[in-house]
Amino acid sequence: MPGTEDAFYLTTPIYYVNDAPHIGHGYTTVMGDILTRWHRQRGEQVWYLTGTDEHGQKVLRKAEENGVKPQEWVDRLIDTEWKPLLETLDIANDDFIRTTEERHLLGAKAFWERMHANDAVYKGSFSGWYSVGAEEFVAEDDVLDGEGEDTGHKVSALDGSRLEHVTEENYFFRLSDYQDRLLALYEERPEFIQPESSRNEIIAFVKRGLNDLSISRSTFDWGIQIPWDPSHVMYVWIEALLNYVTAIGYGTDQDRFERLWPADVHLVGKDIARFHAVIWPAMQMASGIEVSHRVFAHGWLLVGGQKMSKSKANGIRPAEIVDVFGSDAYRYYFARALTFGRDGSISWEDIHARYTSELANGLGNLASRTAAMIGKYFEGRLPDAGEPTDAETAVVDLVADATARADAAIEALAPHEAVSAVWEIVESLNGYLAEQQPWQVAKHDLVRTGAILATAAEGLRALCVLLAPVMPKATAALWESLGADAVIGPLSDQRIADVPRWGQLPAGTPVTKGAVLFPRIEVEDA
RNA sequence: GGGGCGGUAGCUCAGUCGGUCAGAGCAGAGGACUCAUAAUCCUUGGGUCGUGGGUUCGAGCCCCACCCGCCCUACCA
């Protein structure tokens, strides 16, 4: 396992500040958070990076429209849109990189110097159809023959504006040189780009041949200057990808960089898989650093249901969901209801249905009934577990097995499978209680009643640890109600590997009922 | 045009190497129970596995063709 000795380093894409945060951003960020929290719970060193991409012509233009300097504009968006998103979703990122930060500027320049020194960059000319109105180049596919008063000219299919054929001097990246090395990379390390569907597309794309990439712009200046030619700024994509190295010290803190690099996982949406699985590794090769381990492309969120179907997925703000169901339910839902790496349907109705049946009636009620009985029959003191019968052994075995399967699923970047495995514990504990009927046994055998409830409490202890990465708030509350902190320490110190070890909560531990974990939610129109 | 991924019970989806693979959850129906958030537990699904062929002793699972949906086919991010 090359490079993972030091720290598990996972990144999200850096989000383009101009966008409004939507559930797609939320999805990526939450999944990254779940994966990294799980790795921390394993006791590993972890580095979880997210951030924002703030340069480019579009940002500049938007700032001008709003009558402010671009820096002022992006600062405002960070404060009002992007930082709050992390709060809303309860994200425990270790760092947040902004491409307007000094460390990124310095690191990006250093990286370019390196590519230049290695002769991966050259000056050439780029020509294409330029829309003066939109101030940008229009792709060949969007160039149409003009009609009416535009007859004889080319026009943009995007906005109908007249186009001029423009040639400009740009710096180019020798992407074409890397075709063979990239194909070799995909071949030798099949896990480099996942899932399989993305890998297939990427390979097909590269096999068709790669062209050199125009990577600088000289028509505007909101960007990072090319170190040896300040009349050009870096093309935003080429600059943005560098955040993955500049954030951990490339060009500014070499020791730190070497500790964290290479990245273990770049989480991306499948729309930008190509940048991460083709251009980015080629750039890494060009600069001489080790290539990242994995790029994982997740799928699209297909929005169904009544309310949401009226707007597109990217019109839904995470806060709309969190305000009603809470951040834990949001995180749980996206992790559980979708197969990571594939497109999947979501709907308001489905969120509500799963919230009710799985969180409120499943986990929430399990915690509630267990604590209530310990309160009722044992005055809130955890009873003695006694000698296990077959029923208890079955529970213990399932916990061990589910833990192992969940851990393997996380390793395979299949968090949905991990949650599913853990949920078997919730279901089996509710079944265990129904079969053992501690409320009946209590009428004649309090020792046995205690053993049953102690087993349920241990099961909840296990669930707290396993679900902490997914639902940090609810598990913290449950941990509190189990009185676990005082006897076995903070939830964050519990290790996945120790989950199956039974009997950690000693008899006598005060167990309190606590607030309802997932109150039922009535939804009128929604 | 080329390529990718899908099309499995009302809904959302599992189905690893072809042989209990025709499944799970939810919804619906019936029953049990009462500790609990009127929660829980048990029972209950007969769907031509998109269509038509083919390979095989045997195919959602392999091959071919076709139909439908989404996506990729580079330089706005």
Side-chain angles (χ1 to χ4, degrees), chain A residues 13-19 53-59 61 126 128 131 134-142 158 170 172-173 175 195-215 217 235-238 240 270-275 278-279 299-300 302 304-305 336-339 341-347 349-350 353-354 356-377 416-417 420 423 427 429-442 449 452-453 456 513 515-521:
Chain A
I14 50 174
Y15 304 118
Y16 201 54
V17 272
N18 254 11
D19 294 338
D53 177 11
E54 310 186 2
H55 285 128
Q57 191 164 25
K58 288 197 171 182
V59 171
R61 201 175 300 149
F126 174 80
S131 164
E135 293 183 39
E136 65 192 11
F137 281 93
V138 173
E140 209 60 50
D141 288 346
D142 293 322
L158 304 177
N170 278 333
F172 282 76
F173 172 54
L175 183 61
E196 198 68 25
S197 51
S198 287
R199 180 168 182 267
N200 291 339
E201 286 193 353
I202 293 294
I203 290 175
F205 174 79
V206 174
K207 277 187 173 167
R208 270 197 300 274
L210 297 172
N211 298 324
D212 288 350
L213 215 55
S214 162
I215 55 168
R217 298 290 183 268
Y235 167 50
V236 201
W237 253 112
I238 298 308
K270 68 181 186 181
D271 53 327
I272 55 173
R274 207 181 59 238
F275 287 94
V278 179
I279 299 172
W300 296 133
L302 309 174
R336 177 76 196 264
L338 301 162
T339 298
R342 296 181 52 162
D343 294 352
S345 303
I346 62 166
S347 70
E349 291 78 2
D350 194 38
R354 284 186 183 271
T356 302
S357 72
E358 295 166 14
L359 294 179
N361 299 350
L363 176 62
N365 185 52
L366 173 65
S368 176
R369 65 198 301 205
T370 302
M373 283 188 277
I374 291 172
K376 184 169 180 175
Y377 305 126
H416 54 289
E417 285 181 18
S420 172
W423 221 255
E427 287 163 358
L429 285 173
N430 268 324
Y432 168 78
L433 288 177
E435 275 176 31
Q436 299 305 316
Q437 305 183 70
W439 53 89
Q440 283 290 352
V441 178
T449 306
I452 296 165
L453 295 178
K513 184 115 183 337
V516 166
L517 290 180
F518 302 100
R520 295 176 70 78
I521 292 170

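Chain letters run A, B, ... following the sequence lines, proteins first and then strands; every chain starts at 1.
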Per [X] side chain, nearest of listed nucleotides [options]:
X: N361(A); options: rA39(B), rA74(B), rG6(B); value: rA39(B)
X: D53(A); options: rA77(B), rA14(B), rC35(B); value: rA77(B)
X: R520(A); options: rA39(B), rC5(B), rU34(B); value: rA39(B)
X: S214(A); options: rC5(B), rA77(B), rC75(B); value: rC75(B)
X: R217(A); options: rC75(B), rG4(B), rG6(B); value: rC75(B)
X: N365(A); options: rC41(B), rA39(B), rU73(B); value: rA39(B)
X: A434(A); options: rC76(B), rC26(B), rU40(B); value: rU40(B)
X: R208(A); options: rG2(B), rG4(B), rC26(B); value: rG2(B)
X: R274(A); options: rU34(B), rC76(B), rU73(B); value: rU73(B)
X: I272(A); options: rA77(B), rU37(B), rC71(B); value: rA77(B)

What is the distance, rounded to the nearest whole Å, between atom [atom1] of [X] and atom [atom2] of [N]?
X: N430(A); N: rC41(B); atom1: CG; atom2: C1'; result: 9 Å
X: R354(A); N: rU12(B); atom1: CZ; atom2: C1'; result: 7 Å
X: K270(A); N: rA77(B); atom1: NZ; atom2: P; result: 22 Å
X: R342(A); N: rU8(B); atom1: CZ; atom2: C1'; result: 12 Å
X: D19(A); N: rC76(B); atom1: CG; atom2: C1'; result: 11 Å
X: D350(A); N: rG25(B); atom1: CG; atom2: P; result: 15 Å

Could you tell me which nucleotide pairs with [N] by Watson-Crick or G-U wobble geometry, both distances under 3.5 Å, or answer none if nothing does?
N: rA14(B); result: none
N: rG69(B); result: rC5(B)
N: rA29(B); result: rU43(B)

Rounded distance in Å between the [atom1] positions of [N] and [M]:
N: rG23(B); M: rG60(B); atom1: C1'; value: 12 Å
N: rC64(B); M: rG47(B); atom1: P; value: 32 Å
N: rG31(B); M: rC21(B); atom1: P; value: 32 Å

Students often get this wrong, so: under 4.0 angstrom with heavy atoms, is [X] touching a base, only sugar-phosphate, or nothing?
X: Y235(A); result: sugar-phosphate
X: G375(A); result: nothing
X: V236(A); result: sugar-phosphate
X: Y377(A); result: sugar-phosphate

(message) Nearest heavy atom decides the nucleotide; on that basis, is M373(A) or V17(A) closer to the 5' end of RNA chain B?
(response) M373(A)
(request) Would you mind telling me which residue lines up with the more 5' stretch of RNA chain B, E427(A) or T339(A), judged by nearest nucleotide? (result)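 Nearest-nucleotide comparison on RNA chain B picks T339(A).
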(request) Can you check whether any acceptor in the base of rC35(B) is under 3.5 Å from a donor in the side chain of K376(A), or vice versa? (result)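 Answer no: no donor N or O sits under 3.5 Å from an acceptor.
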